[in-house]
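Structure, as structure tokens:
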Amino acid sequence: MEEAAARERKRPREGDAAPSAAAAAGAGKAQYVYLPVADALKAPGARVFLFAAVSEIGAAVRSRGTDFTLTLRVADQSRPAGISVTFFADNVALLPCVKITMHGEFFVTFNKKFSSFALFEGKVSTECSPYQTSTKYYGTQYDNELLTQMRTWLAYNPPGLKDLELQLRSLKSDTTFDLVCKVLHVYENNGEWIFYVWDGTDTPAAEFQAILDAEAVESSPLHLEGVPLPREVLCTMPCVGTVLRVFTNRYIKEVFHLQKNIYWARFCNITCKQEFGIWKGILGPSSRVRLLSHEDGSVVDRMKMYDSRIANQVHRQPMASLPGASNIADVEYEAAGYTTLMESLTHEQVTHKFKTLVRVVAAYPCRASELRLLLTGSYCLRLTLEDPTARIHAYVHKDDGAKFFGGFLTAEALIKKMNKLLGIPEEDEEGTPLTRNPPWIWCCVKSYRLDKNDPWGSRRYRIFGTEIRD
DNA sequence: TTGGGG
């Protein structure tokens with residue numbers, strides 16, 4: 001169902017409140033009097049007629065009684081935030097006529113016995129026939145005019161655009177917000193759900209605790225989920241923009257639609273936090289998921305923003321790295337364009353040479369004593385590289401060590417370079433700093449396989465043609 | 001009856 005004007009009403013009955021009584025006067029060919037949504041909210045218990053635009057689309061599910069139920073949110077000029085409308089029907093295909101009653105402040109119910117509805121395209125058009133009607137539906141002579149007004153209002157006031165919205169690029173810990181995003185994948189395991197969501201922007205670069213806990217630096221994970229995405233799913237992920245994992249242990253009924261299709265949705269009242277420097281969304285008890293139309297104002301915004309982003313090579317680069325990436329690394333692969341880590345992970349061939357812009361979030365080894373061993377030329381160094389799209393392990397092969405570190409260094413010089421790579425600040429008079437913030441570096445990386453019988457399973461990354469400057 | 005939470 002696309003965004004549409006929805007006309008809902010109930011057949012009049014003797015003794016009803018003013019709006020319905022007015023409608024009753026013209027019994028049969030009634031002159032229904034539509035109330036603005038804001039006025040309907042002030043009339044709890046009354047049966048009302050509404051002419052409003054659908055702003056949120058819920059999923060049809062079996063009710064705890066004998067019916068199926070579906071919830072829409074409808075809005076008009078008097079109340080852009082809209083009102084929730086619950087439909088009941090004994091058959092999903094019907095979604096029919098229900099008595100309208102007010103419940104508290106927030107919502108409207110359709111009673112099957114009395115109500116009716118009609119759905120119209122929301123976009124500006126001369127087509128005034130509904131694309132779906134319930135039984136007991138009758139039009140009125142003024143509806144075409146109202147429909148045109150409603151469509152004009154919609155064109156200038158697309159639903160969505162709420163105060164509480166954050167984009168992935170503006171995520172903040174410890175706040176509750178709405179996220180308008182495309183749901184790319186849903187994973188379930190033992191009542192734990194993970195939604196893989198994307199809005200075309202990059203999550204902010206995390207700061208890490210600078211406490212020199214070698215264990216933590218060495219064991220930085222590549223992803224938050226216990227089981228990594230299978231390659232065939234990974235390959236459906238976009239190559240630019242962060243795919244945020246949103247976790248919950250609640251069953252979200254919209255999940256049925258989200259698992260079957262790729263949908264835009266509004267995740268309402270969610271929170272997020274960082275774990276190991278990776279952003280993680282959390283659906284709590286008060287969070288909700290609403291399916292959105294592709295015509296939703298916020299969705300249109302996100303898609304426009306993404307289209308303009310990917311049209312420009314520089315804007316594909318990590319948002320947090322702009323306006324200028326640190327130039328602490330020199331790369332040889334001058335001619336190559338920029339490639340995101342996700343682009344490489346989803347590359348069709350196992351072997352792939354590319355230039356990328358990343359942060360070194362972890363290194364193994366990173367203890368001074370073990371780093372000294374690198375100088376012997378018999379060890380290799382494993383770096384954990386991160387960009388907004390993914391993390392990978394990339395090895396500095398023992399033969400490439402001297403090149404990478406810019407010559408054969410003293411142990412002290414080596415440790416200094418490693419600290420710079422990891423964003424560990426030098427101690428000053430104020431004492432040990434609390435956070436480290438790895439700089440963005442340009443890096444040449446190539447992938448290869450260890451086992452020709454298991455090329456993808458044995459795929460490794462290796463850094464080449466890259467030198468860390470002083 | 002059920003359901004809904006700007």
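In what follows, chains are A, B, ... by sequence order, proteins preceding strands, each numbered from 1. Just so it is clear, the model here is predicted, and its values are computed rather than measured.
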Which whole-number value in Å describes the distance from Phe177(A) CZ to dG6(B) P? 16 Å
May I have the distance from Phe87(A) (atom CZ) to dT2(B) (atom C1'), rounded to whole angstrom? 15 Å
Regarding the side chain of Asp178(A), the nearest nucleotide among dG6(B), dT2(B), dG4(B) is dG6(B)
Atom CD1 of Ile270(A) and atom P of dG6(B): how far apart are they, to the nearest Å? 15 Å
Cut-off 3.5 Å, side chains only: do Arg250(A) and Ser287(A) have a donor facing an acceptor? no
Between CG of Leu70(A) and C1' of dT2(B) the distance, given in whole Å, is 13 Å
Taking only residues two or more places apart in sequence or in another chain, which ones pass salt bridge (Lys or Arg N to Asp or Glu O under 4.0 Å) with Arg316(A)? Glu343(A)
Could you tell me the separation between the CZ atom of Phe88(A) and the C1' atom of dT2(B), rounded to a whole number of Å? 5 Å
Send over the distance from Phe68(A) CZ to dT1(B) C1', rounded to a whole Å. 15 Å
If only side-chain N and O atoms of Arg288(A) are considered, is one of them under 4.0 Å from the OP1 or OP2 phosphate oxygen of dG6(B)? yes
Nearest-Å distance, CZ (Arg64(A)) to C1' (dT2(B))? 8 Å
Heavy-atom donor-acceptor pair, Thr69(A) side-chain to dT2(B) base, under 3.5 Å: no
Considering only residues two or more places apart or on different chains, which pairs with a residue in residues 183-196 of chain A satisfy side chain to side chain donor-acceptor pair (under 3.5 Å)? Tyr196(A)-Glu225(A)
Select base, sugar-phosphate, or nothing to describe what Thr66(A) touches, counting heavy atoms under 4.0 Å on all strands. base
Think Lys172(A) forms a cation-pi with Phe177(A), using NZ or CZ under 6.0 Å from the six-ring centre and within 45 degrees of its axis? no
Looking only at side-chain atoms of Asp67(A), point me to the closest of dG4(B), dG6(B), dT2(B). dT2(B)
Under 4.0 Å, heavy atoms only, any strand: does Arg62(A) hit a base, just the sugar-phosphate, or nothing? nothing
To the nearest Å, how far apart are Phe267(A) CZ and dG6(B) C1'? 19 Å
Of the nucleotides dG6(B), dT1(B), dG4(B), which one has an atom closest to the side chain of Thr86(A)? dG4(B)
Electrostatic pair Asp301(A)-Lys304(A), nearest N-O below 4.0 angstrom: no
